[in-house]
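Reviewing the structure listed below.
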Amino acid sequence: MKNIVILISGRGSNMEAIVQACATEGWPARIAAVISNRPDAAGLQFAQARGIATAVVDHKGFADREAFDAELARAVHGFSPDVVVLAGFMRILTPGFVKQFEGRMLNVHPSLLPAFPGLGTHQRAIEAGCKVAGATVHFVTPELDHGPIIAQAAVAVLPGDTEETLAARVLSREHLLYPRAVRWLVEGLLRVDAGVVTQIKGEPQLL
Ligand code: GAR
């Protein structure tokens, strides 16, 4: 049984999708903990209701990023993670933190990377006149939103789309994409060659 630790900052709908897929698909894994940097993150309640251990490491209580990340790392290690999942975790992580979990830490980002790293992705895609948008699951490396790409989901950008309508369309695909990618990592089905990720059983990496 592999231990999955999920980090959230808010709603936690991707976390929910992963918790549910892990249970219904019978992954050889358990959700060891859900950790938030915000005490009021709604996702914590879902996890608690499911009997999953939760913890809060409130970034406001720390003088700088290094001190926060040191405490966060301590909390994560406390649950002996095989896999660390960033699911709407809205903190920039220090290289020192990332290196401790490199190769076993994933993130979902709401754009087709390498386009639109950082915040405001949907508005930026609309303003750029993009006809396609989407989400990316990638390995986390020290450079923000830049690690090897595991899987992507594409959606149309429709005339009249707002940030909200596009975000909702992308999010519904994230809920399919992210559990699939986490399962692949749990089951050892990913190979990385020179920064390019292959699913060794040939399952589609584009949704
Ligand atoms: C998701 O759309 C995720 O892609 C995005 O935040 C949302 C979290 O929703 N993540 C980022 O922007 C990370 N840079 P959720 O809390 O309901 O899963």
Side-chain angles (χ1 to χ4, degrees), residues 4-22 31 33-50 52 54-57 59 65 68-69 72 83-95 97-98 101 105-127 130 132-157 161-183 205-207:
I4 300 173
V5 172
I6 305 179
L7 306 192
I8 64 169
S9 294
R11 178 179 54 191
S13 69
N14 277 291
M15 176 271 295
E16 281 190 36
I18 290 162
V19 167
Q20 267 151 10
C22 182
I31 310 302
V34 172
I35 301 176
S36 173
N37 65 306
R38 292 186 178 275
D40 59 350
L44 289 171
Q45 288 162 23
F46 170 87
Q48 282 157 6
R50 286 288 189 118
I52 297 168
T54 61
V56 174
V57 183
H59 61 278
R65 234 176 246 294
F68 168 70
D69 278 10
L72 183 65
V83 170
V84 178
V85 173
L86 307 183
F89 187 67
M90 304 304 280
R91 298 283 307 172
I92 293 173
L93 294 164
T94 56
F97 181 92
V98 171
F101 303 105
M105 181 157 64
L106 306 186
N107 181 44
V108 67
H109 182 74
S111 79
L112 293 174
L113 291 173
F116 309 125
L119 297 175
T121 54
H122 304 299
Q123 189 60 33
R124 286 154 68 203
I126 290 168
E127 284 171 9
C130 293
V132 63
T136 303
V137 177
H138 63 94
F139 282 107
V140 178
T141 56
E143 194 178 353
L144 180 71
D145 299 332
H146 268 83
I149 292 170
I150 296 168
Q152 292 185 305
V155 303
V157 181
D161 257 340
T162 62
E163 195 171 1
E164 289 73 29
T165 59
L166 182 56
R169 192 174 309 122
V170 171
L171 187 67
S172 70
R173 305 303 279 167
E174 292 181 40
H175 295 161
L176 296 177
L177 187 75
Y178 208 6
R180 189 175 302 189
V182 175
R183 175 174 61 79
Q205 291 170 266
L206 169 63
L207 203 83

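All values below come from the heavy atoms of this structure, side chains included, with hydrogens, waters and symmetry mates left out. Both ligands and their constituent atoms are indexed starting at 1 by order of listing.
Annotation: atom 14 (N) of ligand 1 to nearest protein heavy atom, His109 ND1, 3.5 Å. Closest protein heavy atom to atom 12 (O) of ligand 1: Pro110 CD, 3.4 Å. The shortest contact between atom 8 (C) of ligand 1 and any protein heavy atom is with Gly88 CA, 3.6 Å.
His109 and Thr121 form no side-chain donor-acceptor contact under 3.5 Å, judged by distance and modelled atom types alone. Under the 3.5 Å distance criterion, with hydrogens and angles disregarded, no donor-acceptor pair is assigned to the side chains of Gln20 and Glu16.
Considering backbone and side-chain atoms alike, Arg11 places an N or O below 3.5 Å from some N or O of ligand 1. Among the atoms of Asp145, none of the N or O lies under 3.5 angstrom from an N or O of ligand 1. Checked by distance only, ligand 1 and Gly12 come closer than 3.5 Å through their nitrogen or oxygen atoms.
No donor-acceptor pair closer than 3.5 Å links the side chain of Glu163 to the backbone N or O of Gly120. Counting only distance, with no hydrogens or angles, the side chain of Arg65 and the backbone of Leu93 share no donor-acceptor pair below 3.5 Å.
Distances from ligand 1 to the non-hydrogen atoms of Met90 include at least one value under 4.0 Å. Using a non-hydrogen distance threshold of 4.0 Å, Ile8 does not register as a contact of ligand 1.
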Steps toward side chain to side chain contact (heavy atoms under 4.5 Å, CB included) verdict (Val157, Leu166) = CA-CA 7 Å; Val157 181; Leu166 182 56; 4.3 Å; yes

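Neither the backbone nor the side chain of Val170 has any atom closer than 4.0 Å to an atom of ligand 1 (non-hydrogen atoms only).
Checking Glu174, His138, His175 one by one against Val108, the side chain to side chain contact (heavy atoms under 4.5 Å, CB included) holds for a single residue, Glu174.
Of the candidates Glu174, His122, His175, it is Glu174 that places a heavy atom closest to atom 2 (O) of ligand 1. Between the choices Ser13, Ser9, Ala42, the shortest heavy-atom distance to atom 15 (P) of ligand 1 belongs to Ser13.
Counting all heavy atoms, side chain and backbone alike, Ser9 lies closest to Phe89 at OG-CA, 3.4 Å.
The pair Arg169-Asp161 counts as a salt bridge, with a side-chain nitrogen and a carboxylate oxygen less than 4.0 angstrom apart.
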